[in-house]
Amino acid sequence: MKIGFLFSGQGSQAIGMGKDLYENYPKAKEVYDKVEQITGMEIKKLSFEGPEEKLNQTQNTQVSILTQSLAILAILKEKGIQAEMSAGLSLGEYTALIEDGVFDFEDGVKLVQKRGEIMQNLTPQGNWKMAAILGLEEEKVQQACKQVDGFVVPANFNTIGQIVVSGEEAAVTKAGEIAKELGAKKVSILNTAGPFHTEKLVECSKALKEELNKTKMNHIDSKVVKNLDGKLYKQTDDIAQTLAEHIMNPVRFSGDLQTMYDNGIDTFIEIGPGKTLSGFVKRMNFEKPVLIKNINSVETLEETIKEVAGNE
């Protein structure tokens, strides 16, 4: 069994996330309490009670998702379950880098808090949307975007047959309509509030680079796969530059998954709210069968621990 961790990104949040883990595992409680101490934020209240509109604010969402993921990691570590490789969807890449030791716990949490604030405050004003286009080839998604008057571009290459477009609300809607005419099976509007992973976030990228340059990084031969190009981080990589570019460039998550599979990962464990990333793995249609698990509750955690222990 060769385990790969996958960490949730923004949009997967839901009220109540992490509550049962906090109540049942001392290690999870420790993580929530520590993150609140570091950030000064009411993470427990936001995550467990909401309200939804407050949880969905980028500056709150990112730290809340990170905290649940780190809490699950702390329990898995206690149980002796570790990954040989990891990746995260956008925000989730930061979780992976903390887990891998590239960022120390406190520095990583502070950095994600800053990233959320930057994206909340410096994303340009406007009516922005992101939409997932299912069942259409990359070239046709590009074609749909180019036929629209207004700003819309591919932003996330999530898995085979699923590409997210990002941009002005009217342009995204129109691109979705054209995509359906070109053969898309479905178009779904996402629970996000900005033109993320596009050139519109250039000011966010500059501000984030300043924060990254102030953050201590442990340059190691990492086991984390980058969203930027679907390749493993190397010791020689400029991590600050990579993450600054990451915020305004498309996410190549299908590339991450392929790299993990090509390196022998046969067990993918999604960590964090939701189970979106598990669905991405299924759609990759890998030649050899892989085990796919997701952990977002006490029930799914215990089930995964049992299954991993039984396969060792």
Side-chain angles (χ1 to χ4, degrees), residues 6-13 56-59 61-62 65-66 87-97 111-112 114-134 136 138 141-142 144-146 148 150-159 162-169 171-173 175-176 179 187-209 211-212 224-231 233 239-257 272 274 276-277 280:
L6 303 174
F7 297 104
S8 303
Q10 194 166 341
S12 59
Q13 68 275 7
N56 286 344
Q57 290 173 5
T58 298
Q59 62 191 20
T61 307
Q62 296 202 10
I65 292 173
L66 173 73
L89 186 71
S90 190
L91 159 70
E93 187 161 312
Y94 287 76
T95 317
L97 290 166
L111 182 59
V112 168
K114 279 289 183 185
R115 183 180 187 262
E117 290 171 358
I118 286 166
M119 290 173 72
Q120 179 80 37
N121 298 322
L122 294 183
T123 295
Q125 294 296 310
N127 293 318
W128 307 111
K129 282 291 176 190
M130 296 178 81
I133 297 175
L134 280 70
L136 199 62
E138 185 176 329
V141 174
Q142 298 271 16
C145 292
K146 285 173 183 172
V148 175
F151 181 78
V152 56
V153 293
N156 292 45
F157 296 87
N158 287 333
T159 184
Q162 187 183 126
I163 297 170
V164 171
V165 297
S166 180
E168 294 163 349
E169 184 172 7
V172 168
T173 302
V187 177
S188 300
I189 300 298
L190 304 183
N191 186 20
T192 52
F196 302 140
H197 296 289
T198 76
E199 65 197 53
K200 297 294 183 184
L201 264 68
V202 63
E203 294 305 319
C204 292
S205 178
K206 289 176 186 173
L208 181 61
K209 180 74 185 295
E211 291 300 327
L212 286 158
V224 177
V225 191
K226 290 174 279 186
N227 283 177
L228 196 63
D229 58 11
K231 296 177 182 176
Y233 275 97
I239 298 171
Q241 184 61 34
T242 298
L243 290 173
E245 289 180 19
H246 166 260
I247 204 172
M248 56 177 287
N249 278 280
V251 170
R252 304 278 174 181
F253 198 71
S254 55
D256 289 1
L257 296 175
T276 302
L277 308 186
F280 293 169

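None of the values given here were measured: they were computed from a predicted structure.
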Would you name the heavy atoms of [X] and [Y] that are closest together and state the gap between them?
X	Y	result
C145	V165	SG-CG1, 3.7 Å
V187	G176	CG2-O, 3.6 Å
A175	A144	O-CB, 3.8 Å
C204	T123	SG-N, 3.6 Å
A171	G150	CB-C, 4.0 Å
A87	D256	CB-OD2, 3.8 Å

* Can a donor-acceptor pair be found between the side chains of Q10 and T58 at a distance below 3.5 Å? -> yes
* State whether a side-chain donor-acceptor pair under 3.5 Å links E245 with N249. => no
Measure the spacing between [atom1] of [X] and [atom2] of [Y] and express it to the nearest 0.5 Å.
X	Y	atom1	atom2	result
F196	M119	CZ	CE	4.0 Å
N56	Q59	CG	CD	12.0 Å
L201	E203	CG	CD	10.0 Å
L122	K200	CG	NZ	15.5 Å
H246	L208	NE2	CG	10.0 Å
L257	F280	CG	CZ	8.5 Å

Would you check if [X] and [Y] make a side-chain contact, meaning some heavy-atom pair closer than 4.5 Å?
X	Y	answer
Q62	Y94	no
I239	L212	no
F253	N227	yes
P250	H197	no
N158	T276	no
Y233	E93	yes

Quick check against the 3.5 Å criterion: does [X] have a side-chain atom that pairs as donor or acceptor with the backbone of [Y]?
X	Y	result
S205	A244	yes
N156	V251	no
E211	K209	no
E168	F151	yes

* With V141 as reference, evaluate V153, I163, V164 under the side chain to side chain contact (heavy atoms under 4.5 Å, CB included) test and give the passing residue. => I163
* To do: Inspect the surroundings of CG in N127 and state if more than 12 heavy atoms from other residues, nucleotides or ligands are less than 6.0 Å away.
  => no
* To do: Take R115 and I247 through the side chain to side chain contact (heavy atoms under 4.5 Å, CB included) test and state the conclusion after the steps.
  => CA-CA 10 Å; R115 183 180 187 262; I247 204 172; 4.3 Å; yes
